[in-house]
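First the proteins, then the strands, lettered A, B, ... as listed; each starts at 1.
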Protein chains: 2
Amino acid sequence: MLYAQEERRPEQFVRSPRTALQIEVAEGLVVPGFKMNFARDEEIYGAGEEADFVYKVISGVVRAHLILDDGRRQISAFLFPGDVFGLEPGDTHTASAEAVTECEIGLAKANTLRRAAAEDSMAALGLWDLTSRELLRVREHLMLLGRKSAAERVASFLLELTARSKDGKVSIPMSRLDIADYLGLTIETVSRTLSKLERDGTIALPTSRQIILTNRAAMSEAHA
Amino acid sequence: MLYAQEERRPEQFVRSPRTALQIEVAEGLVVPGFKMNFARDEEIYGAGEEADFVYKVISGVVRAHLILDDGRRQISAFLFPGDVFGLEPGDTHTASAEAVTECEIGLAKANTLRRAAAEDSMAALGLWDLTSRELLRVREHLMLLGRKSAAERVASFLLELTARSKDGKVSIPMSRLDIADYLGLTIETVSRTLSKLERDGTIALPTSRQIILTNRAAMSEAHA
DNA sequence: CGTGAGTTTGACCGAACTCAAATCATGTGG
DNA sequence: CCACATGATTTGAGTTCGGTCAAACTCACG
């Protein structure tokens, strides 16, 4: 459902203000000099910190997460090249972000963006749209965490990863622990579920970080 | 954490554009004549329908939810008086909304709001802020569904319900099924967990739709 | 009162967790 | 280039939490 809706959207919005803003945001975030590299597992920002910047993945993968006092972690999203994150109307970050792999991150001053949005309503509408899309994705994730079995969660995750891939051959940039914390499972359950999918001939796992969808129909059926 | 952040926010924003917009939205939604009543369990809008209106709860309680093909339902939020819902930058609703109790709902034409936002960047920023707060709440819900035990989920829910109540005496407007579908549990588990809290002396349940927090400290501890 | 939906309780089951060990992969120093 | 050390992943055995199925109970309403 998530995917169906997202596929429908671009057409709806061709003449909408969002397009203009996205271009603007993208440009703002790609200005040379406003670019940083982060090492694997390095923190980009922490929850509660001042939201001085807005970020955009240029290369690599980022995770956004919340942590409970006792250390339990819930990853709310993985961010891929092109994705914008750390965008807040308020002045503090409401989640943490870390590099999953080494990555290049483009930065824009949050104040610049906020000022632009205060002066230009098209810009403000663009920011709203970005946040709104994020909300849509997170709500779909709610359904996954609240109502889907382990097998369905893993299947949904693999389909997310391979959505852009034509040949169904995809590298998995994140660890089993990251996957577990994204899906609300344990690493053992994630691993066992992947093994079962492999035994069933639905996927192949040449290495633990590479998957090949050998039976996409079976996958789609599994993810509910 | 959700609550801590929300409590911090109003001060941050006193001089921000959000305040102005919220007033504007509120007024737009309260115009006499643009008001409807819904009966218990009546649908307000369905996912995929045209988003012609934006809604505001005047009295009663509303639930927003997604449904899977096989009928599994995940409630993403309960809306209480003062809450705005159905706000979308796109032109279709991305979730469904139904009346939990009989309720009075204020309506604003979505196009009017969109036009206002396109002309007035303050308005647009206000819409962004509303969506952003919703995103914050939903992300906290992700943590609950992905990482918390049944006991913690129920405790969190009860604390949400009683957050505004001074005396800890609160009526529960929704059924056990609604609670279960909000917390990602079954009605039996919800019921058993409430019974256990009552046996432990943490809450009292004079009727199934009324709770009294007799030991708020124990509750707060339980919700993690 | 009697009916039926909503709720609670009980008995049992199974999916996912925990703890533990084996296996695999990766990078490092000799 | 190989041997080892370290962390990541997989697999196994046993447990537990929450789900399922079924029955009893409550209560609002006709």
Side-chain angles (χ1 to χ4, degrees), chain A residues 39-41 61 63 68 70-74 100-102 144-158 171-200 203-211 222 224, chain B residues 39-41 61 63 68 70-74 100-102 144-158 171-200 203-211 222 224:
Chain A
R40 193 174 180 285
D41 290 330
V61 180
R63 60 181 174 251
L68 244 40
D70 62 4
R72 279 177 287 180
R73 181 179 70 154
Q74 178 62 47
V100 169
T101 64
E102 303 80 67
L144 180 142
L145 293 177
R147 288 290 165 220
K148 289 189 183 178
S149 68
E152 289 167 339
R153 295 184 201 196
V154 171
S156 296
F157 172 70
L158 293 181
S171 80
I172 306 178
M174 65 291 287
S175 70
R176 295 290 185 269
L177 182 57
D178 282 342
I179 299 174
D181 284 352
Y182 180 63
L183 299 180
L185 300 170
T186 60
I187 56 175
E188 292 95 331
T189 299
V190 170
S191 181
R192 269 187 258 270
T193 306
L194 287 170
S195 298
K196 178 157 196 315
L197 284 172
E198 193 178 24
R199 276 198 306 281
D200 296 348
I203 64 171
L205 282 166
T207 77
S208 68
R209 297 299 187 99
Q210 262 204 327
I211 45 165
Chain B
R40 194 175 180 283
D41 290 329
V61 179
R63 59 181 174 252
L68 244 40
D70 62 3
R72 279 176 285 180
R73 181 180 68 154
Q74 178 62 49
V100 169
T101 63
E102 304 79 67
L144 181 142
L145 292 178
R147 289 290 165 218
K148 289 190 184 178
S149 69
E152 289 168 339
R153 294 183 201 196
V154 171
S156 296
F157 171 70
L158 293 181
S171 80
I172 306 179
M174 66 291 287
S175 70
R176 294 292 185 269
L177 181 58
D178 282 342
I179 299 173
D181 284 352
Y182 180 64
L183 298 180
L185 301 170
T186 60
I187 56 174
E188 293 94 331
T189 298
V190 170
S191 181
R192 268 187 260 271
T193 305
L194 287 171
S195 298
K196 177 157 197 315
L197 284 172
E198 193 178 24
R199 275 199 306 280
D200 296 348
I203 63 171
L205 283 165
T207 79
S208 70
R209 296 300 186 100
Q210 262 203 327
I211 45 166

Taking the minimum atom-to-atom distance to the side chain of [X], which one of [options] wins?
| X | options | value |
| --- | --- | --- |
| A:Ala150 | C:dA16, D:dT10, C:dT7 | C:dA16 |
| A:Ser208 | D:dT9, D:dC21, C:dT7 | D:dT9 |
| B:Arg176 | C:dT8, D:dT9, D:dT20 | C:dT8 |
| B:Glu188 | D:dA8, D:dC21, D:dG19 | D:dC21 |

Original post:
Does a distance-only test, which skips hydrogens and angles, find a donor-acceptor pair under 3.5 Å between the side chain of A:Arg192 and the base of C:dT18?
Top reply: yes
**OP:** Find which nucleotide of DNA chain C each of B:Thr189 and B:Asp41 is nearest to by heavy atoms, and output the residue with the more 5' nucleotide.
**Re:** B:Asp41
**OP:** With DNA chain C as reference, determine whether A:Val190 or B:Arg209 sits nearer its 5' end, using the nearest nucleotide of each.
**Re:** B:Arg209
Subject >> Student check: side-chain heavy atoms of B:Asp200 and B:Lys196 closer than 4.5 Å >> reply: yes
Subject >> Audit row: A:Leu185, A:Arg153, side chain to side chain contact (heavy atoms under 4.5 Å, CB included) steps and yes/no >> reply: CA-CA 9 Å; A:Leu185 300 170; A:Arg153 295 184 201 196; 4.1 Å; yes
Just checking [X]: base, sugar-phosphate only, or nothing, at a heavy-atom cut-off of under 4.0 Å?
| X | result |
| --- | --- |
| A:Ser195 | sugar-phosphate |
| B:Ser149 | sugar-phosphate |
| B:Leu185 | sugar-phosphate |

**OP:** Could you tell me whether the side chain of A:Gln74 and the main chain of A:Tyr182 form a donor-acceptor pair under 3.5 Å?
**Re:** yes
Original post:
Taking atom P of C:dA21 as reference, at what distance in whole Å does atom CD1 of A:Ile187 sit?
Top reply: 16 Å
**OP:** Give the rounded distance in Å between these two atoms: NZ of B:Lys196 and C1' of C:dT9.
**Re:** 16 Å
Original post:
Can you tell me if the side-chain N/O atoms of B:Ser175 get under 4.0 Å from OP1 or OP2 in C:dG6?
Top reply: no
